[in-house]
Chemist: 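Structure provided below as structure tokens; questions to follow.
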Protein chains: 2
Amino acid sequence: MAPEPPSPKRSRRGSGAVTLHDVARLAGVAPITASRALKTPQQVSEAVRQKVADAVARTGYVPNLLAGGLASTRSRLVAAVVPTISGMVFLETVQSLTEALAAHGYQLMLGQAGYSGNREDALLEAIIGRRPDGIVLTGIMHSAEGRRRLQAAGIPVVETWDLTPTPIDMLVGFSHSEVGRAVALYLHAKGRQRLGVVTGDDERARRRSAAFQAAAHTLGLPEVPIVQVATPTTLQRGRDGLAQLLAQQPRVDAVFCSSDLLALGVMTEARTRGLGVPDDLAVVGFGDLEFAAALAPSLTTVHIKGAAIGRQAAQCIVDRAEGRTVATPVVDIGFSIVPRQSA
Amino acid sequence: MAPEPPSPKRSRRGSGAVTLHDVARLAGVAPITASRALKTPQQVSEAVRQKVADAVARTGYVPNLLAGGLASTRSRLVAAVVPTISGMVFLETVQSLTEALAAHGYQLMLGQAGYSGNREDALLEAIIGRRPDGIVLTGIMHSAEGRRRLQAAGIPVVETWDLTPTPIDMLVGFSHSEVGRAVALYLHAKGRQRLGVVTGDDERARRRSAAFQAAAHTLGLPEVPIVQVATPTTLQRGRDGLAQLLAQQPRVDAVFCSSDLLALGVMTEARTRGLGVPDDLAVVGFGDLEFAAALAPSLTTVHIKGAAIGRQAAQCIVDRAEGRTVATPVVDIGFSIVPRQSA
DNA sequence: GTGAAAGCGCTAACAC
DNA sequence: GTGTTAGCGCTTTCAC
């Protein structure tokens, strides 16, 4: 046999998948040219473009984005962290976030922190280790330590569903205190006197409740009893919550709930007790999930533009990733009370 | 100055983050040793372990999993595909999947295919390109072309929430036809005669409906009218569905709904029309979401162990990724009818 | 127990 | 337009 050229010494490694090299060889061009033909077609000649396209089709080549991300330090991965996905409140946000990102070629990694922020550390490590192009934090409080790590990592961060005085980086949210105050004013305007609260025990819900309570006080209304239930809030907890509330204060005539599901529970419990909604008891929810409008009686609730939050957050991340400066890094997206039959 | 050794010619690239090299230099060992100290501590001496731990703490080093994944061809990333996250049916599955994976050091990537499988192609490309260690398909039908690409990619796949005759790879599901049949038998046993269906228009829901219809026929019951509503199913669509069903067949005395939310809509609509549930109208849902048990009347529904599905799927993927053979690659996880007040 | 060398598959930088 | 070179940050292989 003829002496072989220093053979590539076929490696013991690799996934065995088709690589850009294979495509390039097949197309008769250099790897970088094949790369350009795929990423920036306007930079190569029509002939090359065609040859590469053919080679891709023939081999079924799928670019390895891990390798690309490593080389370009742009992973096109975005991490989203929610307390728990089954809370339902953030579904719309996560959905629109996923879609908006996908439209730009980014992929979403989902992390669940738990409401009690103990897994936070391991989660942060897992996330930062993946070098995402951005992190979207939704509905979670984070420890000072966590904030520091995020800042140190230098990854764009968007906090959502809240307006914190000292954001880590960017922010798309609204004021929970304002919500509480607005609902108290609304119920007072409707002539309600003896207000009550059934709320999940997470930080933001508590802030709404506290503001609600304070506003009622300012309005000269009687002390507002607050029943806290475990998070995530469920229909059953809403029922239990109302039962507890009535035990404390039998004459309540309006209840502010920290979620629509909780409100549905309150309405359900009221019905089984022969309490008419809204006649005997006004009920206000939070979130304006789809079912709120369709209930009978329909549910008065606080509408949050969850989908808009997701889209905005995606836009912030993508802008940053593409090197654009984000025009408005802090957005108060507001909220609105949707008056319906229940209050 | 003394002539420098061929200087590393400080690169124009890189993220600027602390790397394993930095840690190793600080600890006074070779990079590979630092790597071992972190990944397989039992392979290095106590002294080295300590020095490396110190260096990590001092620098705040977070391993770059992209690089690790590229080198080891194990990304520790798992992709999950759902039709849309806002459908709620799969929430429990996604939640337990995320958690079970996180417990093993894997991270979840979420993809939404849409019920109408047109985005499927782009999504598959995005997923495969990330070289995940596994893919979990939940509640979606996939084109023959899509199946082929998945198989060609050689990535472990777990299909869930269905029992397909020819799985792509692994499977954790149950038979939708069996569900339809079982519910028909249940209602018949309860003495119901004029059955109806309100169903989302996705493939699996249709299969349940068809089997339900066929079983009713076999039982000698009158022809079963089926009202199809758009997916995702919502409370409002349930209300509309019942209205439509009553228009077609005013004397229905039992309705099988393709989701609990739809069932809640049907119950709501029935109540506003003065139809008693279950006296005038029996209602059966599907999914057994948390609220089903807490409604008044409580909702009879088909219970699916969503969390168990997620856990099992995670186990399948992890086992495969670690090179173990999966004992039972096809699991029929079954279902059960939960008899409650509504039927 | 520790290390040197050689990539994993891709792209940034700089030629030509 | 196209190619060469040199990494991105890590782990595998093989040697000591």
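Residue numbers begin at 1 in each chain, while the letters A, B, ... track the order of the sequences.
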Chemist: Under 4.0 Å between a side-chain N/O of A/Thr73 and OP1 or OP2 of D/dC8, yes or no?
Modeler: no
Chemist: Base, sugar-phosphate or nothing for B/Thr19? Non-hydrogen atoms, less than 4.0 Å.
Modeler: sugar-phosphate
Chemist: Between B/Ser86 and A/Glu92, do the side chains contain an N or O donor and an N or O acceptor separated by less than 3.5 Å?
Modeler: no
Chemist: May I ask you to say what B/Pro31 touches in the nucleic acid, namely base, sugar-phosphate or nothing, with a heavy-atom cut-off under 4.0 Å?
Modeler: nothing
Chemist: Using residues 144-164 of chain B as the side-chain source, report each donor-acceptor pair under 3.5 Å to any protein atom, sequence neighbours left out, with the distance given to one decimal.
Modeler:
{"from": "B/Glu145", "atom 1": "OE1", "to": "B/Arg148", "atom 2": "NH1", "distance (Å)": "3.0"}
{"from": "B/Arg147", "atom 1": "NH2", "to": "B/Thr166", "atom 2": "O", "distance (Å)": "2.5"}
{"from": "B/Arg149", "atom 1": "NH1", "to": "B/Asp121", "atom 2": "OD2", "distance (Å)": "3.4"}
{"from": "B/Arg149", "atom 1": "NH2", "to": "B/Glu125", "atom 2": "OE1", "distance (Å)": "2.7"}
{"from": "B/Gln151", "atom 1": "NE2", "to": "B/Ile168", "atom 2": "O", "distance (Å)": "3.3"}
{"from": "B/Glu159", "atom 1": "OE1", "to": "B/Ile168", "atom 2": "N", "distance (Å)": "2.8"}
{"from": "B/Glu159", "atom 1": "OE2", "to": "B/His142", "atom 2": "NE2", "distance (Å)": "2.8"}
{"from": "B/Thr160", "atom 1": "OG1", "to": "B/Leu137", "atom 2": "O", "distance (Å)": "3.1"}
{"from": "B/Thr160", "atom 1": "OG1", "to": "B/Thr138", "atom 2": "OG1", "distance (Å)": "2.8"}
{"from": "B/Trp161", "atom 1": "NE1", "to": "B/Thr93", "atom 2": "OG1", "distance (Å)": "3.0"}
{"from": "B/Asp162", "atom 1": "OD1", "to": "B/Arg207", "atom 2": "NH1", "distance (Å)": "3.1"}
{"from": "B/Asp162", "atom 1": "OD2", "to": "B/Arg204", "atom 2": "NH1", "distance (Å)": "3.1"}
{"from": "B/Asp162", "atom 1": "OD2", "to": "B/Arg207", "atom 2": "NH1", "distance (Å)": "3.4"}
{"from": "B/Asp162", "atom 1": "OD2", "to": "B/Arg207", "atom 2": "NH2", "distance (Å)": "2.7"}

Chemist: Whole-Å distance between C/dT2 C1' and B/Glu46 CD?
Modeler: 16 Å
Chemist: If you go through the side-chain atoms of A/Arg36, does one of them form a donor-acceptor pair with the base of D/dG3 closer than 3.5 Å?
Modeler: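 Donor-acceptor pair under 3.5 Å: yes.
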Chemist: Taking the minimum atom-to-atom distance to the side chain of B/Ser72, which one of D/dG3, C/dT2, D/dT11 wins?
Modeler: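 Per side-chain heavy atoms of B/Ser72, the pick is D/dT11.
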Chemist: Determine, for B/Asp54 against B/Lys51, whether the closest basic-nitrogen to carboxylate-oxygen distance falls under 4.0 angstrom.
Modeler: no
Chemist: Relative to the 5' end of DNA chain C, which residue comes earlier, A/Ala71 or B/Ala67, by the nucleotide with the nearest heavy atom?
Modeler: B/Ala67
Chemist: Taking only N and O in the side chain of A/Ser35, is any of them less than 4.0 Å away from OP1 or OP2 of C/dC10?
Modeler: no
Chemist: Return the 5'-most residue of the pair A/Ser45, B/Tyr61 with respect to DNA chain D, ranking by each residue's nearest nucleotide.
Modeler: A/Ser45
